[in-house]
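First comes the structure, then the notes that go with it.
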Amino acid sequence: MLGAMDSISGLDPEALNRARISRDPRFDGKFYIAVTSTGIYCRPICPSRYAKRSNVRFFGTPAAAEAAGFRPCLRCRPEAAPGTPAWLGTAAVVRRALRLINNGALDEDSVETLAGRLGIGARHLVRLFARHVGASPIAVAQTRRLHFAVCLLTETRLPITQIAMAAGFGSCRRFNDAFRRAYGRTPRELRRAGRRGGVGGGAEEVVLKLAYRPPYDWTHVRDFLAARAIPGVERVDERGYARTVACEGGHALICVRALSGEDALELRVTGAPPASLLQLASVARRAFDLAADPARIGVELATDPLIGPLVRERPGLRIPGAWDVFECAVRAVLGQQVSVAAGCTLVRRLVERAGMAIAGGTDGLTLLFPGPANLAGANLEGLGITGARQATLRALARAWLERGIDFGAAPEELAAAMAALPGIGPWTAQYVALRALGEPDALPTGDLVLRRMAAPPGRGSLTTRELDERSREWRPWRGYAVVHLWGAAAGAAAGAAARLRQVPSGRARVRRAA
């Protein structure tokens, strides 16, 4: 029995049962197994003994399993599974709602407010969640908070009072009550029951593991971010990706790196208040595309004659995200119709002029990217930014401050809202949707590299309309096709540069002149 849904991830009950028996890690996080005789639900990779088929139920999300009265397994830890690819098999409005909930929409606001942002009634939203998710929006939000609390209990040495605040509970009493209902024990009992004592570093440092489904091409993500790193704000090297982030009442430093021998990234946060930790972890999961299902994406793109060979060559490519939506929009405006290097130069000058210096910055991380309020009133003269783009940046900052743009809106609504601003076109809006929102089907059709790479042999490049038509075969994974084409272009450019360096200097000068 599937609970509230007829199928999960496109699999019927018998296919799910075969996946359960196989313990195939490719299904980790795509569905959950609940056992009626124990009242516990597990990940498909749980090493516990197989339960009788008659005692097994399947759920698409942890929230659905917990809403049905099952407790999380303390052996396989469902809270440590890779995130569910929320866009698979769900309605568009539910995808948007899940993204907003993951960004904290229900941490303070009500379901009615969330439904209003989506343009529907609260009762209809609850019905949609029951059909597509198997649990209510409130249950999804609470499961998210409780699972994060378990991660902090088992992976850090934070005091339980701070964990309650970090997980979005207003008081320890509320936290203890919710935890006891979900796990059948108190947070303190769980911590004492033999879980790890924590790996966090100093008093102000928290270290968490963020799981993903393999393969994961960390080198590609790291190199992509390194080519666009802003001095003072970001640092990318063999130690990983590090940056400054604004938090309530100050700032924090984060560092993300790949863990050798594990299907997980490590998130290290220093200086953040407990209340910011859940949001920072959620942003990291989105920015590094940890909920992606590379097997599913690969299968659906494999038949395309252009994208298929690229997917087979590099099956672990992910969408390299941007940490902050406003920051990504500003960088996209400055990067319009210029090279990556030229765009980075403009961004660096902007940050040096309008960014905020932080106290105690280390390793060259000494600046915060300017927020909307700083940018709206900044003097941008003398930075090499044209007057038209200065006006665009100020209009973007004002629209953000006045809530004229809802970055939780549907991609087409977001594109229309951004395109209404002076100097912003479809390319900028789609670029932001791809990198800052993690929209898997975003396609910046105006991108010159994409138009060139997608063109058939003998053609210089496609028009934007031709690229839009050509890309229909890539849906709903056009964003991943974009990343593969960008990667192929970068690889070709690097190969050409390497060959040029091997040519004797005289011949090199002739070739450059040609």
Side-chain angles (χ1 to χ4, degrees), residues 1-9 11-25 27-86 89-90 94 98 101-102 106 126 129-151 153-154 167 169 174-187 189-191 193-195 211:
M1 183 176 180
L2 290 179
M5 293 176 284
D6 296 328
S7 66
I8 297 171
S9 295
L11 302 176
D12 61 25
E14 290 315 306
L16 292 168
N17 192 53
R18 290 194 295 271
R20 169 181 81 101
I21 298 300
S22 71
R23 291 197 175 104
D24 191 331
F27 291 97
D28 190 18
K30 294 184 186 179
F31 70 94
Y32 295 83
I33 303 157
V35 182
T36 57
S37 58
T38 64
I40 291 173
Y41 76 92
C42 304
R43 297 157 67 179
I45 61 168
C46 185
S48 300
R49 290 179 56 190
Y50 295 119
K52 291 174 59 177
R53 177 65 182 89
S54 59
N55 292 337
V56 170
R57 294 177 63 184
F58 299 105
F59 294 91
T61 65
E66 293 182 21
F70 293 94
R71 298 193 310 275
C73 174
L74 296 179
R75 188 172 184 184
C76 67
R77 295 184 55 205
E79 74 279 351
T84 302
T90 61
V94 177
L98 287 170
I101 291 172
N102 200 48
L106 291 182
V126 171
F129 264 66
R131 177 183 176 187
H132 293 282
V133 183
S136 69
I138 288 293
V140 171
Q142 177 151 300
T143 298
R144 166 180 173 264
R145 293 195 293 265
L146 284 172
H147 281 194
F148 184 67
V150 173
C151 289
L153 282 167
T154 58
F169 291 90
R174 286 182 55 201
F175 175 50
N176 283 324
D177 289 345
F179 201 93
R180 188 181 290 108
R181 286 195 300 270
Y183 286 87
R185 61 183 70 189
T186 66
E189 289 170 341
L190 177 64
R191 180 170 265 183
R195 302 294 98 189

* Structure fact -> Closest heavy-atom pair, A182 versus E66, reported as atoms and distance to 0.1 Å, is CB-OE1, 4.2 Å

* **Between CZ on residue R144 and CD1 on residue I101, distance to nearest 0.5 Å** => 9.0 Å

* To the nearest 0.5 Å, how far apart are CD1 in I40 and CD1 in I33? -> 13.0 Å

* Asked: Mind checking whether Y183 and F179 have parallel, tilted or perpendicular rings, split at 30° and 60°?
  -> parallel

* For S22 and A19, indicate whether the former's side chain and the latter's backbone hold a donor-acceptor pair under 3.5 Å. => yes

* Asked: So which heavy atom on R71 is nearest to which on T38, and how close?
  -> NH2-O, 4.2 Å

* Compute the centroid of each ring, for F70 and then for Y41, and state whether the two points are separated by less than 6.0 Å. => no

* What closest approach, in Å, do V94 and H132 show between heavy atoms, and which atom pair accounts for it? -> CG2-CD2, 4.1 Å

* To do: Hey, could you give me the CZ/SG distance between R77 and C46, rounded to the nearest 0.5 Å?
  => 12.5 Å

* Asked: Would you say R57's side chain and T36's backbone share a donor-acceptor pair under 3.5 angstrom?
  -> no

* **R181 side, atom CZ; N176 side, atom CG - distance, nearest 0.5 Å** => 11.0 Å

* Evaluate the side chain to side chain contact (heavy atoms under 4.5 Å, CB included) criterion for residues D12 and F58: first the C-alpha distance (whole Å), next the side-chain angles of each, then the deciding distance (0.1 Å), finally the verdict. => CA-CA 10 Å; D12 61 25; F58 299 105; over 6 Å; no

* For A80 and A211, work out which heavy atoms get closest and say how close. => O-CB, 3.3 Å

* Just by distance, do the side chain of R75 and the backbone of C42 share a donor-acceptor pair under 3.5 Å? -> no

* At their closest point, which heavy atom of P72 faces which heavy atom of H147, and how far apart are they? -> CG-NE2, 4.4 Å

* Rounded distance [0.5 Å steps], CZ in R43 versus NZ in K30 -> 14.0 Å

* Asked: For C76 and C73, which heavy atoms make the closest approach, and how far apart are they?
  -> N-SG, 3.4 Å

* Spacing of R191 atom CZ and R185 atom CZ [to the nearest 0.5 Å] -> 14.5 Å

* To do: Could you tell me whether the side chain of E189 reaches within less than 4.5 Å of the side chain of R180, counting heavy atoms only?
  => no

* To do: Indicate yes or no: at least one non-hydrogen side-chain atom of F27 is less than 4.5 angstrom from one of R20.
  => no

* Do F129 and L98 have side-chain heavy atoms sitting under 4.5 Å apart? -> yes

